[in-house]
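Reviewing the structure listed below.
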Amino acid sequence: DRVTLLVTPQQLRARPKWGEPRRNEIAAMLVRGVDTPYFIRMEFEGGLHVEAHPGEFDVDPHNKEYWVEFPVRGLRIL
C-alpha cells in the first residue's frame with residue numbers, strides 16, 4: 001500500500017536508528033545536515049526533510065541511519 005502525507009519539516013522528528021521503531025516512525029538514510037541560524041535541516045533520501053531547533057538535536061555526521069516520526073495528530077485516512 002502507498003500513502004501520501006502532507007506535513008511540514010518542522011512537524012517531523014528524527015532520532016538515530018537505535019533499537020526498534022516507535023509508532024509512526026519510518027527508517028530514513030541521511031543525505032546531509034545543514035546548520036542555519038534558526039534550525040538544523042536534515043535531508044534524507046527520497047526528498048524527506050526534518051527541521052529542528054539547534055538545541056533540540058545535533059546531527060552526527062558519522063550516523064546516516066535515522067528513524068523519522070510523523071505526527072500522530074496529522075495522520076488521517078482519506
Side-chain angles (χ1 to χ4, degrees):
D1 294 336
R2 290 179 176 247
V3 297
T4 300
L5 301 174
L6 179 60
V7 295
T8 65
Q10 298 87 5
Q11 292 175 294
L12 302 176
R13 298 285 176 257
R15 66 181 180 96
K17 190 177 176 184
W18 298 323
E20 295 297 316
R22 298 177 192 154
R23 261 180 54 168
N24 302 321
E25 286 185 334
I26 63 166
M29 293 295 291
L30 183 67
V31 175
R32 70 182 187 144
V34 179
D35 289 320
T36 73
Y38 304 105
F39 57 83
I40 296 170
R41 181 179 184 90
M42 300 175 73
E43 298 178 359
F44 294 94
E45 289 179 351
L48 184 63
H49 298 165
V50 175
E51 293 177 358
H53 295 287
E56 182 179 334
F57 195 85
D58 290 324
V59 176
D60 178 357
H62 303 290
N63 183 25
K64 300 293 183 192
E65 296 183 50
Y66 286 83
W67 294 117
V68 175
E69 180 184 11
F70 290 83
V72 175
R73 289 182 283 162
L75 300 177
R76 302 283 185 272
I77 298 174
L78 302 176

Let me check something: do [X] and [Y] share a hydrophobic cluster, defined by ILVMFWY side-chain heavy atoms less than 4.5 Å apart, either directly or through other members?
{"X": "Phe70", "Y": "Val50", "result": "yes"}
{"X": "Leu48", "Y": "Trp67", "result": "no"}
{"X": "Leu12", "Y": "Met29", "result": "no"}

Exercise. Between Arg13 and Glu25, is there a side-chain N and carboxylate O pair less than 4.0 Å apart?
Worked result: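 No salt bridge links Arg13 with Glu25.
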Exercise. Could you state the interatomic distance from CZ (Arg32) to NZ (Lys64), rounded to the nearest 0.5 Å?
Worked result: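 These two atoms lie 11.0 Å from each other.
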Exercise. What is the distance from atom CZ of Phe39 to atom NE2 of His53, rounded to the nearest 0.5 Å?
Worked result: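 Here the interatomic distance stands at 10.0 Å.
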Minimum heavy-atom separation for [X] and [Y], please, with both atom names.
{"X": "Leu30", "Y": "Glu43", "result": "CD1-O, 3.5 Å"}
{"X": "Gln11", "Y": "Pro71", "result": "O-CD, 3.8 Å"}
{"X": "Phe44", "Y": "Val31", "result": "C-CG2, 3.7 Å"}

Problem set entry | Derivation and outcome, side chain to side chain contact (heavy atoms under 4.5 Å, CB included), residues Arg15 and Arg22 | CA-CA 11 Å; Arg15 66 181 180 96; Arg22 298 177 192 154; 3.5 Å; yes
